[in-house]
Amino acid sequence: MSQADSLQVFTPPADFVSQATISGMEAYRALCAEAEKDYAGFWARLAREHLSWKVPFTRVLDESNAPFFRWFDDGVLNVSYNCLDRNIEAGLGDKTAIIFESDDGSVSRISYRELLARVSRFANALKASGVRKGDRVVIYLPMSVEGVVAMQACARIGATHSVVFGGFSAQSLRDRINDAGAVFLITADGQCRGGKALPLKPIADEALAMGGCESIKKVVVWQRTGADCAMQAGRDVFWGDFVAGQSDVCEPEWVEAEHPLFLLYTSGSTGKPKGVQHSTGGYLLHAVLTMKWTFDLKPDDVFWCTADIGWVTGHTYIAYGPLACGGTQIVFEGVPTYPDAGRFWRMVQDHKASIFYTAPTAVRSLIKAAEATPTVHPRNYDLSSLRLLGSVGEPINPAAWMWFYENVGGSRCPIVDTFWQTETGGHMITPLPGVTPLVPGSCTLPFPGIQAAVVDETGTELDWGKGGILVVKRPWPAMIRTIWGDPERFKRSYYPDDFAGQLYLAGDGAMRDAQTGYFTITGRIDDVLNVSGHRMGTMEIESALVSHPLVAEAAVVGRPDDLTGEAICAFVVLKGVRPEGDAAKKVIKDLQDHVGKEIGPIAKPKDIRFGENLPKTRSGKIMRRLLRSLAKGEEVTQDTSTLENPAILDQLKRNVA
Ligand code: WT7
């Protein structure tokens, strides 16, 4: 059966279509046809029209060293110039670039001119301390204007930033600094979330003390909470002292289009997070195009992406995309539930947000909150400024989609369900709001120029209606360039030999609707979990668990969760006797805290179960599909004949917590 038969279809409202940048299915088809006919010519045209080049490119796509593709590689530009200077030159100097709302509700506005001055001052300070083009700078900051300033300042001088999410632990921070060989760390004394001040600098200090961070020459500390923090003489400097006396004019460092703008670490199916390396020109092009086409951004819009700058969404749709288009955006420090779960709706109302981009897990938690406390229901707020909604990070279930559509969007705003990844740089499969009839739960059709397909294990494209493996058939400008320091892993992970190295492997399963060809993402096909839109490798969590002195062996799987999409479920074999009752509860708590310390609170397993062993085949392979059934609470119906120790299943069925 077709999705369209079982679910309502929402055609784009006529008044949206009439003003949309890409208006109507014909316009979309024409773009796709243009790309089909002359792939390089299509992207070249867009790169010339939408970006400002210091030196125009003459080469478009270089496939000679595939899969290490190069785009526009003899062109020269600067991302910060494209985001700031060129808007000011176009007369937008006094336009508000950022409306910043802090955790406690105070609001400040910063114009393009002020933002450029702050970025330039910080960029000059970095240069004066010896940071050079190509040096890596790790940014470990809370959501703030300073975070955006730090990223833009790196871009301005050609330093490659690597932002580490403020919820990651000292160990995770240390590993990222070490892998990137970073020379600078930019952090804050602490962060304010939900009315609480939480430490950051002490975590950074712990990371730096672990060893392996010897490349770090300086630590810049933004004073956010005013908490006392230890400052190491010669190494640590407060933000204010760092920029003191610096000029607010800084000539951009003009870099080649392939120059690495940033690294961003993300989880894969093996233990070590990988440093996804992004380019300058191709990346920025996709950020701009998706802002204009997926979000239909117009000069009067107030754009709000609720992501954190620690994730790729916060890179493309906070730090770069909105600014490169001269937009006005909201940057929010706090959490959706403080002081109450009406915070998002009150902010939309107060700042007259017109485009609101968030994650399904946030929508689901706010549905729950609105059901429990009617005063925080969106109906109590004036949300009439909204004209477009967006969803990202995980599949949005049709019920949450409908609630979002009706209660937040007033049944008037299209929802763009944007499928993409850290590696893709920007949206890959997404509705265009003035084009695509929407089906709740489907990310619909590829962005113009993106050649997505569903294939079988041999790489053969499947008929619509059949589930398979999601791939991209041609390189695109914003794609990952390599894994920092590990090109072999890049090839293995994304261009595996199974597909003769010809197809980009997303790592997700997908299915195209039999009638419409719409894509639905069916979830990861590797050992990667998606908890509240946060990506985590099962092996990463397993290594954290086995690093605890009590643990002999651990296997981690995901199970469906109504609120977080997936929940982490760990099966653990302890070195001593298997604990029961309160003793078990205590060990569970210890192990959860331990994982929180090793990786970060987002990686804490929700369920932990103990067994004397794990279900294994005779050759010693852990049978994860059985664990997945157990985690779900299903009866194990799979074939267990290859299982060495079937009795173990009974032990693992019980959830003591
Ligand atoms: C994985 C990528 C995209 C930026 C934030 C997450 C899942 C993402 C969707 C969507 C279904 C989605 C996929 C993907 N995912 N967006 N709209 N529908 N699934 O980036 O941390 O790199 O995670 O998130 O599984 O592979 P990420």
Side-chain angles (χ1 to χ4, degrees), residues 163 165 167-168 262-269 273-278 283 286-287 290 294 305-321 357-364 389-398 400-401 404 415-431 436 438-447 450 452 454 469-472 478-480 483 493-494 504-511 518-538 540 558 560 564-566 600 602-603:
V163 182
F165 173 59
F168 275 123
F262 66 86
L263 311 179
L264 186 59
Y265 285 81
T266 190
S267 299
S269 33
K274 39 195 182 188
V276 172
Q277 179 180 321
H278 276 287
Y283 170 79
H286 209 64
T290 49
T294 312
C305 164
T306 68
D308 191 285
I309 52 165
W311 310 114
V312 75
T313 311
H315 283 57
T316 309
Y317 301 110
I318 296 177
Y320 295 116
Y357 188 38
T358 196
T361 188
V363 174
R364 286 192 298 265
L389 303 175
S391 171
V392 59
E394 53 181 315
I396 179 161
N397 49 306
W401 194 101
F404 197 32
I415 299 178
V416 287
D417 175 359
T418 60
F419 168 83
W420 59 296
Q421 310 175 293
T422 304
E423 294 87 341
T424 70
H427 305 154
M428 295 299 277
I429 307 180
T430 177
T436 322
L438 306 172
V439 174
S442 168
C443 52
T444 74
L445 296 171
F447 192 79
I450 300 299
V454 179
I469 300 163
L470 181 66
V471 296
V472 185
M479 67 186 300
I480 172 176
I483 292 173
S493 309
Y494 303 108
Y504 169 84
L505 178 72
D508 284 287
M511 163 138 124
Y518 276 16
F519 286 79
T520 294
I521 306 298
T522 50
R524 298 288 305 194
I525 51 172
D526 51 11
D527 293 319
V528 168
L529 305 182
N530 189 325
V531 182
S532 300
H534 298 314
R535 178 166 157 185
M536 258 155 318
T538 50
E540 236 176 303
T564 55
E566 262 185 307
I602 51 172

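For ligands, and for the atoms within them, numbers begin at 1 and follow the listed sequence. In what follows, every heavy atom counts, from backbone to side chain, and hydrogens, waters and symmetry copies are set aside.
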Side chain proximity check, H427 to V416, heavy atoms < 4.5 angstrom: no

Record the part of T424 in heavy-atom contact with ligand 1 below 4.0 Å; permitted values are side chain, backbone, both and neither. neither

Point-to-point distance, once rounded to the nearest 0.5 Å, from OH of Y317 to OG1 of T306: 14.0 Å

Parallel, tilted or perpendicular: ring planes of F262 versus Y283, cut at 30 and 60 degrees: perpendicular

Counting only heavy atoms closer than 4.0 Å, does ligand 1 sit against the backbone of H534, its side chain, both, or neither? neither

Which heavy atom of L389 sits nearest to which heavy atom of F404, and what is that distance? CD1-O, 3.6 Å

Could you tell me which atoms of ligand 1, counted from 1 in the order shown, lie closer than 4.0 angstrom to a heavy atom of I521? 11 (C), 19 (N)

How far is atom 3 (C) of ligand 1 from its nearest protein heavy atom, and which residue and atom name does that atom have? W420 O, 3.1 Å

At under 4.0 Å between heavy atoms, what of P395 touches ligand 1? The answer is both

Give the numbers and elements of all ligand 1 atoms closer than 4.0 Å to a heavy atom of T313. 4 (C), 5 (C)

I want to check something: taking the side chain as every heavy atom from C-beta on, are R524 and L529 in contact at a cut-off of under 4.5 Å? no

Nearest heavy-atom contact between I450 and V472 is CG2-CG1, 4.3 Å

Closer than 4.0 Å to some heavy atom of R535 - which atoms of ligand 1 meet that? 2 (C), 21 (O), 22 (O), 23 (O), 27 (P)

From the list D508, T424, T430, T444, side chain to side chain contact (heavy atoms under 4.5 Å, CB included) with F419 holds only for D508

Counting heavy atoms only, which part of T422 comes closer than 4.0 Å to ligand 1: side chain, backbone, both or neither? both

What part of E394, side chain from CB on, backbone N/CA/C/O, both or neither, has a heavy atom under 4.0 Å from ligand 1? backbone

Evaluating non-hydrogen atoms only, which member of G425, S391, A307, G393 is closest to atom 15 (N) of ligand 1? G393

Just jot down the ligand 1 atoms closer than 4.0 angstrom to any heavy atom of V392, in number order. 3 (C), 4 (C)

Note: ligand 1 atoms sitting under 4.0 Å from heavy atoms of N530 are 7 (C), 24 (O)

Between I429, D508, V312, which one has a non-hydrogen atom sitting closest to atom 25 (O) of ligand 1? D508

Going by distance only, is there an N or O of T266 that falls short of 3.5 Å from an N or O of ligand 1? no

Do we see a donor-acceptor contact under 3.5 Å between the side chains of T418 and Y357? yes

Using 0.5 Å steps for rounding, measure from the NE2 atom of H278 to the CE atom of M479. 9.5 Å

